[in-house]
Amino acid sequence: MPKNKGKGGKNRKRGTNKNEPEKRDLNLKEEGQEYGQVVKMLGNGRLEVYCFDGTKRLGVICGKMRKKSWVSNGDIVLVGLRDFQDSKCDIILKYNADEAKRLKKQGEIPEHVKANEDEDAQGGADNVVFEVDGSDEDSEGDMPRNRNIIADDSDSESEEEIGDDAIDAI
């Protein structure tokens, strides 16, 4: 029987975070590339991208990114334009929130663009306001509330008296 000389299997490798380096260089667009924002996920590695040159394109996630970095709605991406198909592009790189902020400061992407990650980093989810209705009475549109009733000896006597009064009224 062979001896295992490694330090663990799949579950040990799963715990390490290889995808998120401390800080990487900011990759700027070159000729034949454009910045874009993910509008809609279509499935099967395809998504709808609004490129900042003013056109919507069908983006395809390239093979090296397919399992390694997850792209979602609102992410800022670098796309490679196709010479032969203007309506399609290839997703080359996904920018994280810090890199998207640096691109805005440099003027590479428009200022009005908001990425989902930027809102979460600034506490956009903390601005949620809940309305509280102070009345205990049920209105016609509200669902009736379930109330737990604990019967005491004094409560049971009053219930019996109500029951007797109701019988007398009939």
Taking every heavy atom of Arg66 against every heavy atom of Asn44, the minimum-distance pair comes out as NH1-O, 3.9 Å
State, to 0.1 Å, how close Glu48 and Lys56 come at their nearest heavy-atom pair, and which atoms those are.
OE2-CD, 3.2 Å
How far apart are the closest heavy atoms of Met65 and Val71, and which atoms are they?
CE-CG2, 4.0 Å
To the nearest 0.5 Å, what is the distance between SG on Cys89 and CG on Leu78?
10.0 Å
Quick one: NZ on Lys104 to NE2 on His112, what's the gap to the nearest 0.5 Å?
9.5 Å
Minimum heavy-atom separation for Glu99 and Lys94, please, with both atom names.
OE1-O, 4.2 Å
Heavy-atom check, side chain of Lys88 versus side chain of Val60, under 4.5 Å
no
Considering all heavy atoms of both residues, which atom of Phe52 and which atom of Pro110 are nearest to each other, and what is their separation?
CG-CD, 3.9 Å
Separation between CZ of Arg102 and CG of Asn96, rounded to the nearest 0.5 Å
8.0 Å
Atom CD in Glu111, atom NZ in Lys105: separation rounded to 0.5 Å?
10.5 Å
Output the distance between atom OH (Tyr35) and atom CG (Asp53), rounded to the nearest 0.5 Å.
13.0 Å
Does the pair Lys29 and Glu108 meet the rule for a salt bridge (charged side-chain N to carboxylate O under 4.0 Å, His left out), with working shown?
CA-CA 9 Å; Lys29 71 175 182 178; Glu108 294 285 333; 5.5 Å; no
Within the structure provided, determine whether Gln37 and Ile109 are in side-chain contact (heavy-atom separation under 4.5 Å).
no
Check whether any side-chain heavy atom of Leu103 sits under 4.5 Å from a side-chain heavy atom of Leu28, and report yes or no.
yes
Are Leu93 and Leu81 linked, directly or through intermediate hydrophobic residues, by side-chain heavy-atom contacts shorter than 4.5 Å (ILVMFWY only)?
no
A side-chain contact here means heavy atoms from C-beta on lying under 4.5 Å apart; do Tyr95 and Val77 qualify?
no
As a test of understanding, state which of Val79, Asp75, Val38 forms a side chain to side chain contact (heavy atoms under 4.5 Å, CB included) with Ile91.
Val79
Is Leu42 reachable from Val39 through a run of hydrophobic residues whose side-chain heavy atoms are each under 4.5 Å from the next?
no
Looking only at heavy atoms, the pair that brings Lys64 and Ile92 closest together is CE-O, 4.4 Å
